[in-house]
Amino acid sequence: MTNACAVRKAANVARRYWLFKSEPETFSWDDLEAAPDRSTFWDGVRNYQARNLLRDEIKSSDGVLFYHSNAKPQVIVGTAVVVRPGSPDPSQFDARSKYFDPDSKADDPRWYGVTIRADRRFKTPVSLPVLRETPGLEEMMVIKKGARLSVQPVSAEAWKIIVGMGTKSA
DNA sequence: GCCAACGTTGGC
DNA sequence: GCCAACGTTGGC
């Protein structure tokens, strides 16, 4: 049991689940697996709704569905785990970064990110069309029209269904 | 490559 | 505070 997990169990806080979108050409599942400690700081989110989740809601040991957007097809390729909760996103203060935000103050950072570590690569990636036709997932945000949020909440029920499909051999 | 949906900006 | 214009996202 990880330390964060033990802390959470002691506090009796339920583990929660999320879906993170990434364009594979920018940062793919393979990139995450190849990263030091199979981990990365999830930077560059510049949407207030997603920011609020990253800053306030997403906690260590939470589960993450890693989703490839703008891919053919769009798929959930695996699961990751949150290993560090929200902290200020350094790229907002880096003038050379494309995520630079000149209006963000060092003593009052506007943008946050979390650190995730690759957990399980799906044997069977779960595509968007499959999500759409799977009973029990009708309420998922990612299948709703115009759902552009790059960090989305996922119910425990949906998590269970999707991980079940993804880890099963084809 | 298109374009609908959405979030943000900025003039008033 | 409204809302038109604009830029971006992301499915198709």
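Labels below follow one simple rule: chain letters A, B, ... track the order of the sequence lines, proteins then strands, and each chain is numbered from 1.
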Within this structure, what is the [atom1]-to-[atom2] distance between [X] and [N], rounded to whole angstrom?
| X | N | atom1 | atom2 | answer |
| --- | --- | --- | --- | --- |
| A:Lys144 | C:dC12 | NZ | P | 15 Å |
| A:Gln152 | C:dG11 | CD | C1' | 13 Å |
| A:Ile76 | C:dG10 | CD1 | C1' | 15 Å |
| A:Arg148 | B:dA4 | CZ | C1' | 10 Å |
| A:Asn70 | B:dG1 | CG | P | 13 Å |
| A:Met141 | B:dC6 | CE | P | 12 Å |
| A:Leu149 | C:dT9 | CG | P | 13 Å |
| A:Asn47 | C:dG7 | CG | C1' | 14 Å |

*At under 4.0 Å, does any side-chain N or O of A:Tyr67 touch on OP1 or OP2 of C:dG11?*
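Yes.
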Phosphate OP1/OP2 of C:dC12: any A:Arg132 side-chain N/O under 4.0 Å: yes
With side chains defined as the heavy atoms from C-beta onward, is the minimum distance between A:Trp42 and A:Tyr112 less than 4.5 Å? no
Reckon A:Glu23 touches a base, only the sugar-phosphate, or nothing at all at heavy-atom distances under 4.0 Å?
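Contact class for A:Glu23: none.
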Winner on side-chain proximity to A:Lys145, out of B:dG7, B:dA5, C:dG11, is B:dA5
Worksheet entry | Selection from B:dG7, C:dG10, B:dT8 that lies nearest to any side-chain heavy atom of A:Gln49 |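 Within the option list, the nearest is B:dG7.
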Problem set entry | Enclosure of A:Lys144 NZ (heavy-atom neighbours >12, cutoff 6.0 Å) | yes
Notebook entry, point to check: Using 30° and 60° as the class limits, which term best fits the ring planes of A:Phe27 and A:Phe66: parallel, tilted or perpendicular?
Noted result: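 Geometry flag for A:Phe66 against A:Phe27: tilted rings.
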Do A:Phe100 and A:Trp111 have ring centroids that are under 6.0 Å from one another?
no
